[in-house]
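Both ligands and their constituent atoms are indexed starting at 1 by order of listing.
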Amino acid sequence: MRVAVTRRIPARGIEVLELAGCAVSVWPGDLPPSREELVRLAADADGLLTLLTDRIDGELLDALPNLKVISNMAVGHDNIDVDACTARGVVVCITPDVLTETTADFTWALILAVARRVCEAASTVRRGEWRTWEPLGFLGQDVHGATLGVVGFGRIGQAVARRALGFGMRVLYTDRTPVDASLENKYGARFVSLDELLGASDIVTLHVPLTRETYRLIGARELSSMKPTAILINTARGPVIDTAALVEALAAERLWGVGLDVTDPEPLPPDHPLLEFPNVLVTPHIASASEVTRQRMAELAAQNLISALRGERPPRSLNWDTIARKGA
Ligand code: NAP
Ligand code: GLV
């Protein structure tokens with residue numbers, strides 16, 4: 001089995017592939033391969049282990065007719081045209097669950113850092129500007145006792161809500177469908193519409209996948225319905241927020257603070273207007289980046305790939321059943 005991997009990944013992933021007898025080619029660059037480079041790398045590959053920075057569409061699949069499986073080392077799969085894969089019998093796999101808690105931890109890192117102005121304050125210390133204890137210096141927003149609004153109450157949204165219990169917060173959530181009452185009781189969470197959530201929350205945190213429905217879900221109207229003291233956190237995908245509308249809302253001081261692990265565009269150029277606001281904290285898409293979790297993601301991506309190549313049901317596939325049904 002020949003497998004191409006589109007970047008260097010944690011060692012455990014490569015180990016699992018090699019132990020299964022795969023011949024593995026790894027793209028050696030620090031940046032993602034271009035379309036041409038990817039086609040050359042995977043020319044005779046049976047399986048492709050991809051990252052969220054690789055765009056997988058019908059054109060690429062047609063250039064790689066030997067390909068039987070795309071295994072994305074991510075839970076988000078908006079980089080993959082799954083229908084195009086299914087139409088060509090190419091199995092698509094992802095890595096949910098193993099990154100849920102680490103991503104929720106990082107969401108909280110952003111919530112606390114923005115609410116208490118941690119990065120702004122710390123950078124003044126490095127600049128030698130700490131002169132005394134100031135009664136009016138770096139006043140932030142309290143997190144304890146505040147209302148948290150979770151948009152997208154799936155695996156990560158619920159893990160974020162669970163952590164809010166420790167801060168004595170009121171939790172509102174919105175999703176396509178409410179969860180069971182028992183789960184709501186567990187998190188003390190109440191299902192509301194997006195509009196109600198935006199108007200009532202002190203901290204709004206986004207956890208929906210990027211789809212046609214969630215593209216720019218948070219635009220000018222939604223931003224203007226938030227409290228002027230509210231904080232907006234995005235660890236989902238950049239295009240879930242309309243960036244131009246966010247810049248306008250910040251310029252008009254209609255939001256108190258913003259924490260973004262994902263942006264549109266991504267990466268965000270250093271001269272982007274978002275970076276001019278001191279109350280905006282941007283990190284480079286690292287919410288799942290703990291040593292253990294990245295090893296687990298690489299391992300699961302490799303296991304998914306090997307199972308699919310062996311004709312066995314992969315642990316986490318998006319279209320295995322559809323393809324298997326078609327083949328039956
Ligand atoms: P998940 O368990 O599928 O949760 C997503 C939730 O959003 C589901 O409950 C889903 O409902 C809901 N949803 C989908 N479309 C919606 C819509 N139009 N309106 C309202 N709710 C909607 O996924 P997850 O594992 O929590 O991951 C969520 C996303 O986080 C990923 O897709 C990825 O983009 C992002 N992520 C980012 C990082 C990072 O490094 N920053 C790390 C991991 C994940 P249904 O169940 O009905 O579909
Ligand atoms: C990271 O963004 C993921 O979707 O796993």
Side-chain angles (χ1 to χ4, degrees), residues 6-7 9-10 13 32 49-56 70-80 82 92-111 149-163 172-180 183-184 187 189 191-198 204-219 222 233-241 259-264 266-268 281-290 293-301 304 316-318:
T6 63
R7 210 94 62 80
I9 60 169
L49 195 153
T50 54
L51 305 184
L52 54 85
T53 42
D54 302 309
R55 191 167 47 81
I56 308 300
I70 301 281
S71 181
N72 213 32
M73 197 183 111
V75 63
H77 47 85
D78 44 281
N79 59 312
I80 301 176
V82 179
V92 181
C93 304
I94 54 170
T95 60
D97 297 320
V98 291
L99 45 59
T100 296
E101 300 301 327
T102 299
T103 305
D105 285 350
F106 190 80
T107 303
W108 272 94
L110 283 184
I111 291 173
V150 182
V151 179
F153 208 58
R155 289 170 290 241
I156 298 169
Q158 289 177 29
V160 168
R162 205 169 62 242
R163 284 155 176 76
L172 304 176
Y173 76 96
T174 193
D175 201 293
R176 287 200 283 219
T177 41
V179 297
D180 286 350
L183 215 48
E184 287 194 346
Y187 301 130
F191 179 80
V192 291
S193 67
L194 178 61
D195 284 352
E196 184 178 348
L197 181 146
L198 293 171
V204 173
T205 182
L206 307 179
H207 300 289
V208 287
L210 174 60
T211 62
R212 263 191 287 275
E213 291 76 39
T214 62
Y215 178 75
R216 297 192 177 169
L217 180 71
I218 306 298
E222 289 74 21
I233 302 292
N234 190 6
T235 60
R237 283 291 182 269
V240 174
I241 299 179
L260 307 173
D261 184 49
V262 289
T263 57
D264 180 21
E266 195 169 299
L268 201 65
L281 173 57
V282 181
T283 51
H285 204 149
I286 57 166
S288 71
S290 77
T293 290
R294 286 287 166 86
Q295 291 283 0
R296 288 187 178 143
M297 290 166 68
E299 183 173 21
L300 177 53
N304 276 332
R316 303 310 296 253
S317 171
L318 295 171

* Measure the spacing between CD1 of I56 and CG of N79 and express it to the nearest 0.5 Å. =>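 Output value for this atom pair is 6.5 Å.
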
* Asked: If we only count N/O pairs under 3.5 Å, is D175 in contact with ligand 1?
  ->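 Yes: some nitrogen or oxygen of D175 is under 3.5 Å from one in ligand 1.
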
* Considering distance alone, does some N or O of D261 sit under 3.5 Å from an N or O of ligand 1? ->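 Yes; the residue has a nitrogen or oxygen that sits under 3.5 Å from a nitrogen or oxygen of the ligand.
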
Which ligand 1 atoms does [X] reach within 4.0 Å, using its non-hydrogen atoms?
X	answer
R237	33 (C), 34 (O), 35 (C), 36 (N), 37 (C)
E213	18 (N)
G152	7 (O)
P209	5 (C), 7 (O), 13 (N), 14 (C), 32 (O)
S288	40 (O)
F153	9 (O)
V75	25 (O), 31 (C), 43 (C), 44 (C)
A287	39 (C), 40 (O), 41 (N)

What protein heavy atom sits nearest [atom], and how far away is it?
atom	result
atom 4 (O) of ligand 1	G154 CA, 3.3 Å
atom 3 (O) of ligand 1	R155 NH2, 3.6 Å
atom 40 (O) of ligand 1	H285 CD2, 3.2 Å
atom 35 (C) of ligand 1	A236 O, 3.6 Å
atom 37 (C) of ligand 1	T235 O, 3.0 Å
atom 26 (O) of ligand 1	I156 N, 2.9 Å
atom 5 (O) of ligand 2	V75 N, 2.8 Å

* Under 30°, 30 to 60°, or over 60°: which ring-plane class applies to F153 and Y173, parallel, tilted or perpendicular? ->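 Ring orientation of F153 relative to Y173: parallel.
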
Between [options], which one has a non-hydrogen atom sitting closest to [atom]?
atom	options	value
atom 18 (N) of ligand 1	V160, T214, I94	T214
atom 16 (C) of ligand 1	H77, H207, R176, Q158	R176
atom 22 (C) of ligand 1	L210, T107, V208, L52	V208

* To do: Give me the one residue out of D97, T95, N304 that meets side-chain hydrogen bond (donor to acceptor under 3.5 Å, both in side chains) with R316.
  =>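 Running side-chain hydrogen bond (donor to acceptor under 3.5 Å, both in side chains) over D97, T95, N304 with R316 returns exactly one hit, D97.
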
* **With T235, the side-chain hydrogen bond (donor to acceptor under 3.5 Å, both in side chains) member among D261, T107, T283** =>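 Testing each of D261, T107, T283 against T235, the sole residue satisfying side-chain hydrogen bond (donor to acceptor under 3.5 Å, both in side chains) is T107.
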
* To do: Under 4.0 Å, heavy atoms only, figure out whether ligand 2 is touched by the backbone of L52, its side chain, both or neither.
  =>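 The answer is the side chain of L52.
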
* **Region of L99 that comes within reach of ligand 2 [heavy atoms, distance under 4.0 Å]** =>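 Side chain only; the backbone of L99 stays clear of ligand 2.
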
* **Short N-O contact, R163 and E101, less than 4.0 angstrom** =>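 Here R163 pairs with E101 in a salt bridge, since their nearest N and O are under 4.0 Å apart.
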
* To do: Output yes when R237 and D264 qualify as a salt bridge under the 4.0 Å nitrogen-oxygen rule, no when they do not.
  =>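 Salt bridge flag = no for D264 with R237.
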
* With atoms numbered from 1 as shown, which atoms in ligand 2 lie under 4.0 angstrom from a non-hydrogen atom of R237? ->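 Counting atoms of ligand 2 from 1, those under 4.0 Å from R237 are 1 (C), 2 (O), 3 (C), 4 (O).
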
* Which atoms of ligand 2 have any heavy atom of H285 under 4.0 Å away? ->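 Here the atoms of ligand 2 in question are 1 (C), 2 (O).
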
* **Nitrogen or oxygen atoms of M297 and ligand 2 under 3.5 Å apart** =>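 No, no N or O pair falls under 3.5 Å.
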
* Asked: Heavy-atom distance from atom 46 (O) of ligand 1 to the protein below 4.0 Å?
  ->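 No, there is none.
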
* Asked: Closest heavy-atom contact between L49 and A301?
  ->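 The pair with the smallest heavy-atom distance is CD1-CB, 3.9 Å.
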
